[in-house]
Chemist: 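I'd like to ask some things about the structure below.
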Number of protein chains: 2
Amino acid sequence: MKINVLFTPFGADELSFTGKTTVVIDVLRASSTIVAALSNGARDVVPVATVEFAVKVSGGMFGGQILLGGERNTKKIEGFALGNSPLEYTPEVVTGKTIILYTTNGSKAIVKAKFSENLFVCSFLNLTVLAKHLISIDKDFEIMCSGRNNYYSMEDSVCAGKLIAEIQKLKDNVELSDSAKACLSLNKTFGKNTLKMLQESEHGKILLENGFEEDLKYCSRLNSSEIIPYFSANVLKVLHNSKEKK
Amino acid sequence: MKINVLFTPFGADELSFTGKTTVVIDVLRASSTIVAALSNGARDVVPVATVEFAVKVSGGMFGGQILLGGERNTKKIEGFALGNSPLEYTPEVVTGKTIILYTTNGSKAIVKAKFSENLFVCSFLNLTVLAKHLISIDKDFEIMCSGRNNYYSMEDSVCAGKLIAEIQKLKDNVELSDSAKACLSLNKTFGKNTLKMLQESEHGKILLENGFEEDLKYCSRLNSSEIIPYFSANVLKVLHNSKEKK
């Protein structure tokens, strides 16, 4: 099994994902929010790359079964029901609903990787369950960090490194690219206290300034969920074993 | 002083460098080759982004004062006098000459950063002299790693981390972005033995397969040069103190 990491979605062409297994990470906050929404009973999450498309997709739906969620530069978008805080995605709010999600980094990264044969979403919340699943399907894969505004972000690379470390604990003969080795090393240095790492990261500091302290705590909770978001037919759903492509 | 690192030239727009101080790194091998050429008496080095432009630029020159150098995917380009091995750029070959340099990653990265107010080239060979100079001009700066085919490369990020470590040894109050912190950490983990790190890197392995073992040794020699290549008017020359922009 070979693992490679992309530190940002930049540089990778959409078509380059064709046939690949891809893991998208946006710790702060899209991938944590997606795990929260699906863990709390959302029917599915539709990641979109533009606000315009979010509004268009939601236009055909009625009866309150659909919710627009997301942010632009940490702020909720006018007219959207929800922001990008995982704490908003409670069972009361999301059960049975389809969430159309637009975020500055994460939802765009998922859309970019849409041609992947297998596309999973990873956060600290669902790290070990995903590691085990990746071992069970035993395919080479790429981890795409969403980064922040197309630049590197510490939290995504540390999460990538922790996922790789988890896999290496359970499996031999894992071959790592330069970037995968770098993430493994960064997890060793910065991953011992994930909350502290988030608080000291560039993105974490901006969220703290905007009053999202509780979000950082939520996003740092290792393995608090058993949910694997899986992308198929433009929609993220909870992966059931029956849906696995082996 | 604030330091940021870009892991690849991707994602950064040419114009975003306007007014900035930028350090370009391509350890394997363009930035090492540029340091070698200028250390060995080349008049200047003209980095170009396309082979076509290299040929065009050289067309107007005569009398053997100009040499075309470079590579595409480690191989010398047909019709070029020199490849991209620093070992070819001996005093006998380069003294007094202008080198037109095209390489897969490094020369393109330099051209991308051409609007920088100050643009320096860094390799392991000239790391400390550059660190001291950056401290003396005391400006925020960006380190742009050339990477490999637009992807991350270990050796450039370790070199960036070593440059930052050197600066931190000599100066207080250095503010690091997420990526700069990551490089500092990667240098701690992988930078103790630079030759071993190069040999184990993805790019290093490809060069070894192509018979460039001696190049790796050359490129790993820490502080073997006192030369700082400085970019001005589309040309890299040796920085003299009189030329500094303060």
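To find a chain, count down the sequence lines: A is the first, B the second, and so on, and within it residues start at 1. Scope of the values below: all heavy atoms of this structure, side chains included, with no hydrogens, waters or symmetry mates.
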Chemist: Give a yes or no on whether A/N173 atom CG has more than 12 heavy-atom contacts from other residues, nucleotides or ligands under 6.0 Å away.
Modeler: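 No, CG of A/N173 has 12 or fewer neighbouring heavy atoms, counting only those of other groups under 6.0 Å.
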Chemist: What is the distance from atom SG of A/C183 to atom OH of B/Y152, rounded to the nearest 0.5 Å?
Modeler: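 One gets 8.0 Å once the value is rounded to the nearest 0.5 Å.
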Chemist: Indicate the atoms forming the closest heavy-atom contact of B/Y151 with A/L6, along with that distance.
Modeler: CE2-CD2, 3.3 Å
Chemist: Specify the closest pair of heavy atoms between B/T189 and A/S185, including all atoms of both residues, with the distance to one decimal.
Modeler: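 Heavy atoms of B/T189 and A/S185 come nearest at OG1-OG, 3.1 Å.
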Chemist: Would you call the rings of B/F10 and A/F10 parallel, tilted or perpendicular, where under 30° means parallel and over 60° means perpendicular?
Modeler: tilted
Chemist: Side chain, backbone, both or neither: which part of B/S179 has a heavy atom under 4.5 Å from chain A?
Modeler: both
Chemist: Can you measure from CD (B/E202) to NZ (A/K181) and round to the nearest 0.5 angstrom?
Modeler: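 Here the rounded value is 7.0 Å.
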Chemist: Verify the neighbour count for atom NZ of B/K171: are there more than 12 heavy atoms of other residues, nucleotides or ligands below 6.0 Å?
Modeler: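 Yes.
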Chemist: By a 4.5 Å heavy-atom criterion (distance strictly below it), what part of B/K188 contacts chain A: side chain, backbone, both, or neither?
Modeler: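 Nothing of B/K188, per the 4.5 Å heavy-atom cut-off to chain A.
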Chemist: Atom CD of residue position A/E14 - does it have more than 12 heavy atoms of other residues, nucleotides or ligands inside 6.0 Å?
Modeler: yes
Chemist: So, for A/E155 and B/D178, which heavy atoms are closest and what is the spacing to 0.1 Å?
Modeler: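 The answer is OE1-OD2, 3.9 Å.
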Chemist: Under 4.5 Å from any heavy atom of chain B, what part of A/S201 do you find: side chain, backbone, both or neither?
Modeler: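 When you check distances to chain B, atoms from both the backbone and side chain of A/S201 fall under 4.5 Å.
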